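Heads up, the thing below is written out as C-alpha cells.
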Amino acid sequence: MIAFVSGQVAALAPDTAVIEVGGIGMAVQCAPGTLAGLRIGKPARLATSLVVREDSLTLYGFADEDERQVFELLQTVSGVGPRLAQTMLAVHAPDALRIAVATGDEKALTAVPGIGKKGAQRLLLELKDRLGEPVGPGAATGIGTPVGTSWREQLHAALLGLGYATREADEAVAAVTPQAEAADEPNVGTLLRAALQSLNRTR
C-alpha cells in the first residue's frame with residue numbers, strides 16, 4: 001500500500017492534486033479542505049489510501065494520518081464506499097465524526113450529502129466504540145480557519161491555487177459570504193465546495 005506521497009504539487013483540480021514523486025505525477029483524490037492547503041509549485045506531503053477495484057486503482061489523499069485511518073474505518077460500514085467516506089471527511093473533521101457517533105447525533109451525519117436517516121443510524125450502530133475519543137482541540141468544529149487567517153483570505157488563496165482567476169475567486173467568495181456569515185465558525189472546506197459549485201454554475 002502507498003502510505004503517503006511527498007513532493008512538489010504539479011497541478012490542482014476541484015477534487016484532485018497531482019504530486020510529482022521521483023519524476024512521476026501521482027494523481028491523488030482529495031477533499032476540498034485538503035486541497036485548500038496545497039499550492040502549485042510548493043512541496044506537500046499527503047497521507048494516502050490506495051483503493052483497488054477490478055477496473056481502477058485510485059489514490060485518496062489526506063492532510064494527516066488520522067484522517068486516513070478514519071477514512072479506512074468508515075468504509076467498513078455497510079454501504080459506505082471511498083467516495084462517501086471522503087465526502088464525510090469533507091464535511092466533518094475526524095474528531096467531529098467521533099463526537100457525532102459518541103453522542104448519537106444523527107443530524108450531524110445526515111448533513112453529509114448521500115446519507116439519509118437510515119444511513120446515519122447504521123453508521124451510529126456500526127461505528128459505536130470503534131472511532132475512539134476525540135484526539136485534538138476544536139474537535140466539534142470540523143476543518144477550521146488557521147489562527148490569524150480569515151476564512152475569506154484562505155478561501156481566496158485556495159481558489160487561486162486551483163487555477164481560477166482573481167476575478168472568479170472574488171466572485172466566488174462573494175457568493176458564499178452569506179453562508180459564511182450565518183455560521184459561528186465558518187468551515188473553509190464546506191465554503192470551498194460551495195464556491196466551486198457557484199463557479200461551475202456561472203461557466
Side-chain angles (χ1 to χ4, degrees), residues 1 3 14-16 28-37 46-145 151 176 178-198 200-201:
M1 188 186 79
D15 61 356
T16 307
V28 187
Q29 297 283 315
C30 300
T34 301
L35 291 169
L46 297 175
T48 56
S49 179
L50 181 63
V51 176
V52 181
R53 295 286 186 267
E54 288 185 3
D55 59 348
S56 66
L57 294 173
T58 306
L59 199 59
Y60 290 85
F62 310 92
D64 55 40
E65 183 66 18
D66 188 35
E67 279 192 8
R68 184 187 69 78
Q69 291 177 349
V70 171
F71 170 78
E72 293 179 348
L73 184 57
L74 289 173
Q75 291 176 75
T76 65
V77 176
S78 54
V80 177
R83 290 283 187 181
L84 182 55
Q86 189 174 59
T87 300
M88 291 176 69
L89 285 167
V91 176
H92 298 299
D95 276 347
L97 286 173
R98 291 186 176 102
I99 290 173
V101 171
T103 59
D105 189 350
E106 284 185 21
K107 186 176 180 181
L109 296 178
T110 55
V112 178
I115 296 181
K117 184 177 178 64
K118 288 185 178 179
Q121 292 173 342
R122 186 168 59 248
L123 283 161
L124 292 175
L125 179 64
E126 296 189 30
L127 290 176
K128 186 179 180 181
D129 301 324
R130 296 180 62 203
L131 280 178
E133 297 295 321
V135 297
T141 61
I143 301 169
T145 305
W151 67 264
V176 302
Q179 177 181 337
E181 292 180 343
D184 292 332
E185 295 188 28
N187 181 307
V188 177
T190 301
L191 292 174
L192 178 57
R193 213 168 53 249
L196 291 172
Q197 289 172 350
S198 74
N200 288 336
R201 284 196 297 269

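Sequence positions, counted from 1, serve as the residue numbers for this chain. Treat the numbers as computed from the prediction; the structure is a model and nothing was measured.
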Intermediate values then yes/no, side chain to side chain contact (heavy atoms under 4.5 Å, CB included), V70 and R98: CA-CA 9 Å; V70 171; R98 291 186 176 102; 3.7 Å; yes
Residue list, side chain to side chain donor-acceptor pair (under 3.5 Å) with T76, at least two apart or on another chain: R130
Chi angles and distances behind the side chain to side chain contact (heavy atoms under 4.5 Å, CB included) call for C30, T16: CA-CA 5 Å; C30 300; T16 307; over 6 Å; no
Non-hydrogen atoms of L109 and A100 that approach each other most closely: CD2-CB, 4.4 Å
Under 3.5 Å side-chain donor-acceptor pair for E126 and S78: yes
Shortest non-hydrogen contact between A111 and V91, atoms and distance: O-CG1, 4.5 Å
Value rounded to 0.5 Å, distance of CG in D15 from CG in L35: 7.5 Å
Gap separating the CD atom of E72 from the OH atom of Y60, nearest 0.5 angstrom: 12.0 Å
Set of side-chain contact (heavy atoms from CB on, under 4.5 Å) partners for A85, sequence neighbours left out: F71, L74, Q75, V80
Distance in Å, L131 CG paired with I99 CD1, rounded so as to fall on 0.5 Å steps: 11.5 Å
Least distance between heavy atoms, A36 atom then L192 atom: CB-CD2, 4.1 Å
Side chain to side chain, M88 and P94, heavy atoms closer than 4.5 Å: no
Gap separating the CG atom of L89 from the CG atom of L97, nearest 0.5 angstrom: 6.0 Å
Shortest non-hydrogen separation from A96 to H92 and the atoms involved: CB-CB, 4.0 Å
L59/Q29 under side chain to side chain contact (heavy atoms under 4.5 Å, CB included): CA gap, chis, key distance, verdict: CA-CA 6 Å; L59 199 59; Q29 297 283 315; over 6 Å; no
Heavy-atom side-chain proximity of T58 to R53 below 4.5 angstrom: no
Contact summary for Q86 and A31, nearest pair of heavy atoms: NE2-N, 3.6 Å
Taking every non-hydrogen atom, the tightest pair across A108 and D105: N-OD1, 3.1 Å
Spatial distance of atom CG (L46) from atom CZ (R68) [nearest 0.5 Å]: 12.5 Å
Atom pair CG/CZ of L127 and R122 - distance to nearest 0.5 Å: 10.5 Å
